[in-house]
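Data block below; observations after.
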4 protein chains.
Amino acid sequence: MSASTIHDRQQQVKHQAAQEAIYEAALEVIGRPDFKGLRVQDVARQASIATGTLYNYFKNKEDLLFYVDRRLHETVLGRIQEISSRPEPASRRLNDILEAIFEVVGRHRAVFDLAERSGIPDKKPVEEGRTLLGSATACFEKVLADGMAEGRFRSVDARRTSRILLHAIVGIFETHKYLKDYDYGPSRRDLLALVEDYLQPV
Amino acid sequence: MSASTIHDRQQQVKHQAAQEAIYEAALEVIGRPDFKGLRVQDVARQASIATGTLYNYFKNKEDLLFYVDRRLHETVLGRIQEISSRPEPASRRLNDILEAIFEVVGRHRAVFDLAERSGIPDKKPVEEGRTLLGSATACFEKVLADGMAEGRFRSVDARRTSRILLHAIVGIFETHKYLKDYDYGPSRRDLLALVEDYLQPV
Amino acid sequence: MSASTIHDRQQQVKHQAAQEAIYEAALEVIGRPDFKGLRVQDVARQASIATGTLYNYFKNKEDLLFYVDRRLHETVLGRIQEISSRPEPASRRLNDILEAIFEVVGRHRAVFDLAERSGIPDKKPVEEGRTLLGSATACFEKVLADGMAEGRFRSVDARRTSRILLHAIVGIFETHKYLKDYDYGPSRRDLLALVEDYLQPV
Amino acid sequence: MSASTIHDRQQQVKHQAAQEAIYEAALEVIGRPDFKGLRVQDVARQASIATGTLYNYFKNKEDLLFYVDRRLHETVLGRIQEISSRPEPASRRLNDILEAIFEVVGRHRAVFDLAERSGIPDKKPVEEGRTLLGSATACFEKVLADGMAEGRFRSVDARRTSRILLHAIVGIFETHKYLKDYDYGPSRRDLLALVEDYLQPV
DNA sequence: CATGAATGAGCATTCATTCAT
DNA sequence: GATGAATGAATGCTCATTCAT
């Protein structure tokens, strides 16, 4: 390992730290109660840097938004993956995953909304969305399969069920937005109850 | 009934006819393959009127969007209501309702997308959304209740099932947008299969 | 001729009048002693219109610059053409043409400079430049040919002489810019003297 | 001569070497086929130095441009001077000088264009331009005078002729830019032919 | 009622220059 | 001397809405 590599690594770490700081500044700005639209200057000021500096770490505003969007999705996925592999009963994990998803997405609702309004879903590479959904579905499948193996769940098509479960979760966020009702609790419990009813061994 | 009233009615009819024409122009414009964003001028030109004239029929651009959004949702709801009261087996009606929803929403995908990106869901009166969702849920409930009465469906919580069903439908649209996959067929069949599995009499 | 045509014509006249006013405003702004660079807002303010209004008459800033550049070149060419066809001795016309060119270009020096610095020559259609130069050359040729016919000039290659004459004129502007000497008189007289010496009948 | 002086000289040489390297890097950058505008960073990178380092050798970007412009003009002038003092017939030297000028300027067209678009002519010290033009004119004068002494050229005002000749050369570059025609050959031959015709002994 | 020209606020991005290391 | 990250000013263009005709 040469001195050059050490230097390069230090640079890389600094670069990531700066990105991280800007990312957090963006979350702050977007989450403000009076937030109207994302202005680069606001993010820069929140991060205590000059606007031009921000452009050393993100190609442009859209690039920043992509990053924010990706980071949040990764956060959610990370929670799902972590919980799904816990050594606990399947139904408990199912419940915890739902709680985690609704908690994280609910907390950053404004960010997800902004990403959607900015057309991020349209612009992000399909592959990225596919991978994300695939990974999330896989976690649900694993939990369902475990539950069936445990004999706690009756035998159903785990993949299909997982996919529809994910659709329902996404739909809950969308529907509640229409109702401006951000207490996802009832819907989450409804969903869980229905799933458990569906999976009830005969 | 005075002459004034007759005149008023004529006015009202003309007013609605104009709104209708503008609504259709908006659908045309939004549906264009190269559509980027909704410009009032484009709608006016498509409707063959002056921009100023449009403002005689809609308070502002947002108002027009609300109208478009509402009309489309009413169209979908209308289809759901019509099908749900047909004298046919519940499972047939369930299938037809799903087909109808996916067909109409799919056809006007660009419009729903635009409404969402414009923040219409956030801004429209809660009551309107609640009523719409309530009506749609009621249709599903009716069909499910009929199916149970017929003995074709096992007995489940019809309201809860209807709500989750609706969430799942909404979620399918959202998820497919992420995947830029606008063939809703597979997801629709997955959903129907799962529901029928769930409702299978023991 | 229909009413529509009358209306259209009126529109066209108004449109041209507006373009003309903006053109003059641009000349004013560019000619200011403290002029640094062309800002659309400055032109609009000088023309007493809003910035947006300017964009009803010119597609963008570059478009305005093209217009200004073309108008000025046409002005110069117009002067050349008018003088070259006067019923006067060739040498008198030659002198007057030179005086006219140096007068007009000198007066709008800042505009020509700006056009050049903005890369207008690079971007304008070659054909336009070719036509302009061709027309100017033709005027010189005519005068030279007339002078030869009159027996006042000795017989030389009129086209070649005209072309070089034009190059020399252009070069004088360029050279004087280097010297920041905007009294073109001496060079103009040098040029005329040399030409007359060259054309002196044996 | 003290040690200090030796050190100073070494410093000076190193300084000039660095300037030279940066100058060449600038020529490279400006000459790139996709060159759009001169960015200090691009020059620094081409010269394999940091941007800040460049500022140790040039006060600012304009200063660098002045240097580039001056060096190129000196190059051209050097060619002119060298050729003008060759022991050859005047008309041969005249031809060679023209060929040399058009060759060098043609090769570095992009640089001259940039200098002009950057307003270098306006900003550079008058004295420098005057000296340059004076020297070039002197070379032409010398050649013309030699030609007259040789009896190969008829007797004309050598200074005036030289000045106009220079103007015409400059004008040719300018005119061809308008026409986006970078084959100076025809104009150069036209010019030479006209001059020789003018100087033809009776 | 219809017209459509005029309005003007609002914001991303670049890049020459500096200066702490 | 060398480095290169940080700075921040500066500006063209869009488009919803108005209102005089």
Side-chain angles (χ1 to χ4, degrees), chain A residues 7 10-11 14-15 17-18 36-45 47-65, chain B residues 11 14-15 18 36-45 47-65 118, chain C residues 7 10-11 14-15 17-18 36-45 47-65, chain D residues 11 14-15 18 36-45 47-65 118:
Chain A
H7 183 250
Q10 288 174 336
Q11 290 306 85
K14 284 177 85 171
H15 199 268
K36 288 299 170 226
L38 191 63
R39 288 178 303 181
V40 173
Q41 290 212 25
D42 290 345
V43 177
R45 186 166 309 149
S48 304
I49 57 173
T51 42
T53 306
L54 191 148
Y55 282 83
N56 285 337
Y57 299 99
F58 294 97
K59 210 180 67 201
N60 51 34
K61 188 170 114 165
E62 190 175 68
D63 195 40
L64 170 58
L65 260 178
Chain B
Q11 290 304 325
K14 285 176 81 172
H15 198 266
K36 289 297 170 226
L38 190 62
R39 287 179 305 181
V40 174
Q41 290 211 25
D42 289 345
V43 177
R45 185 167 308 150
S48 303
I49 58 173
T51 42
T53 307
L54 191 148
Y55 282 82
N56 287 332
Y57 301 100
F58 294 97
K59 209 180 68 197
N60 51 34
K61 184 171 125 168
E62 191 174 70
D63 196 39
L64 168 59
L65 262 178
S118 305
Chain C
H7 182 250
Q10 289 175 336
Q11 290 306 89
K14 285 177 84 170
H15 198 267
K36 288 298 170 225
L38 191 62
R39 287 178 305 181
V40 173
Q41 290 211 27
D42 290 345
V43 177
R45 185 166 308 149
S48 304
I49 58 174
T51 41
T53 306
L54 191 148
Y55 283 83
N56 286 337
Y57 299 99
F58 295 97
K59 210 179 66 200
N60 50 36
K61 189 170 114 164
E62 189 175 70
D63 195 39
L64 169 58
L65 259 178
Chain D
Q11 289 305 325
K14 284 176 82 173
H15 199 266
K36 288 300 170 225
L38 190 63
R39 288 179 304 182
V40 174
Q41 291 211 25
D42 290 346
V43 177
R45 184 164 311 150
S48 304
I49 57 173
T51 43
T53 307
L54 191 148
Y55 282 82
N56 287 332
Y57 300 100
F58 295 97
K59 208 180 68 198
N60 52 33
K61 185 172 126 168
E62 192 173 68
D63 195 38
L64 168 59
L65 262 177
S118 305

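Each chain gets a letter, A, B and so on, in the order its sequence line appears, and its residues count up from 1.
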Secondary structure of DNA chain F in dot-bracket form (Watson-Crick or G-U wobble, distances below 3.5 Å, | marking inter-strand pairs): .||||||||||||||||||||
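Among residues two or more places apart in sequence or in another chain, the side chain to side chain contact (heavy atoms under 4.5 Å, CB included) test is passed with D:Ala44 by D:Ile49, D:Thr51, D:Leu54. Under the salt bridge (charged side-chain N to carboxylate O under 4.0 Å, His left out) criterion, C:Arg45 pairs with no residue, sequence neighbours left out. Considering only residues two or more places apart in sequence or on other chains, B:Tyr55 meets the ring-ring contact (aromatic ring centres under 6.0 Å, His included) condition with none of them.
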Between side-chain atoms of residues 58-65 of chain C and protein atoms elsewhere (two or more places apart, or another chain), which donor-acceptor pairs fall under 3.5 Å?
residue	atom	partner	partner atom	Å
C:Asn60	OD1	C:Glu62	N	3.3
C:Asn60	OD1	C:Asp63	N	2.9
C:Lys61	NZ	C:Leu38	O	2.7
C:Glu62	OE2	C:Lys123	NZ	3.0
C:Asp63	OD2	C:Lys59	N	3.0

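Computed from coordinates, the C:Lys14 NZ to E:dT3 P distance equals 16 Å when rounded to whole Å. One interatomic measurement links the two molecules: NZ of B:Lys36 to C1' of F:dT14, which rounds to 17 Å at whole-angstrom precision. Atom CG in B:Leu54 sits roughly 14 Å away from atom C1' in E:dC1 (whole-Å rounding). Between A:Ile49 atom CD1 and F:dA5 atom P there is a gap of 14 Å when expressed in whole angstrom units. Distance CG (A:Asp42) to P (E:dG10): 13 Å, rounded to an integer number of Å.
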Protein proximity profile, nucleotides 13-21 of chain E - base contact B, sugar-phosphate-only contact S, no contact -, cut-off 4.0 Å on heavy atoms: BBSSBB---
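B:Phe58 comes within 4.0 angstrom of no nucleic acid atom, judged by non-hydrogen atoms across all strands.
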